[in-house]
Every structure is written in C-alpha cells, then in structure tokens.
Amino acid sequence: MNNCMLLAEIIQAPQLRYTSDTQTPVAEFVVQFPALRDGDPAGQMKVVGWCNLAQDIQDNYQVGKRVR
C-alpha cells in the first residue's frame, strides 16, 4: 500500500454546512502547498471533512495553521 503525507497551510477559514437530506455536517477549507521550484506558483487544494471530522475541523482549524 502506498502512503503520501502532505504538509500545507490553511489559507481559507473552514466553512461548516449540513446536507439537506440527513443534516450530516460537512466542513470545507482551502490549503496551500509551497512551490517545489523557484519561480513556480504555490499549489492549492480544497479539503472536505464529513461527520465528526467536520465538527473537529470547525472547532480547531484556523487560517495560518499548518496541517498534515
């Protein structure tokens, strides 16, 4: 099995919402990865967490924190 660990900085505050049918919590935020080479732009990715993880994200993750 392959593994990949990423280290990124949160650049957009987590937004918590709930699904319309089951009211399942969903949290979304955007992270940024440093560029691999000089002159390259930093990479960005949207991160989504569901259920208990969504509430944990909302409570503990803020802009400027690093996550892995």
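Values below: all heavy atoms of this structure, side chains included; hydrogens, waters and symmetry mates excluded.
Minimum heavy-atom separation, Q15 to Q58: C-OE1, 4.1 Å. The minimum heavy-atom distance linking P25 with L16 is given by the pair CB-CD1, 4.1 Å. Among all heavy-atom pairs drawn from P41 and A35, the shortest one is O-CB, 3.7 Å. The two residues V31 and A8 make their nearest non-hydrogen contact at CB-CB, 3.6 Å. Contact between V63 and A13 at its shortest, heavy atoms only, is CG2-N, 3.3 Å.
Looking at heavy atoms from C-beta onward, Q62 lies out of side-chain contact with I10 at the 4.5 angstrom threshold.
Hydrophobic clustering, with ILVMFWY side chains joined whenever heavy atoms are under 4.5 angstrom apart, keeps I11 apart from V47. Hydrophobic clustering, with ILVMFWY side chains joined whenever heavy atoms are under 4.5 angstrom apart, groups M45 together with F29. When the side chains of ILVMFWY residues are joined at heavy-atom separations under 4.5 Å, either directly or via intervening members, V26 and V67 end up in two distinct hydrophobic clusters.
Formation of a donor-acceptor pair under 3.5 Å by the Q23 side chain with backbone atoms of T19 is found in this model.
Residue F33 holds its CZ atom at 4.5 Å from CG of L6, rounded to the nearest 0.5 Å.
The environment of L36 atom CG is sparse: at most 12 non-hydrogen atoms of other residues, nucleotides or ligands sit within 6.0 angstrom. Counting non-hydrogen atoms of other residues, nucleotides and ligands closer than 6.0 Å to CG of D21 gives a total above 12. Counting non-hydrogen atoms of other residues, nucleotides and ligands closer than 6.0 Å to CG of N52 gives a total of 12 or fewer.
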E28 vs R17, side chain to side chain contact (heavy atoms under 4.5 Å, CB included): CA-CA, chis, key distance, verdict: CA-CA 8 Å; E28 298 179 355; R17 63 181 175 84; 3.3 Å; yes

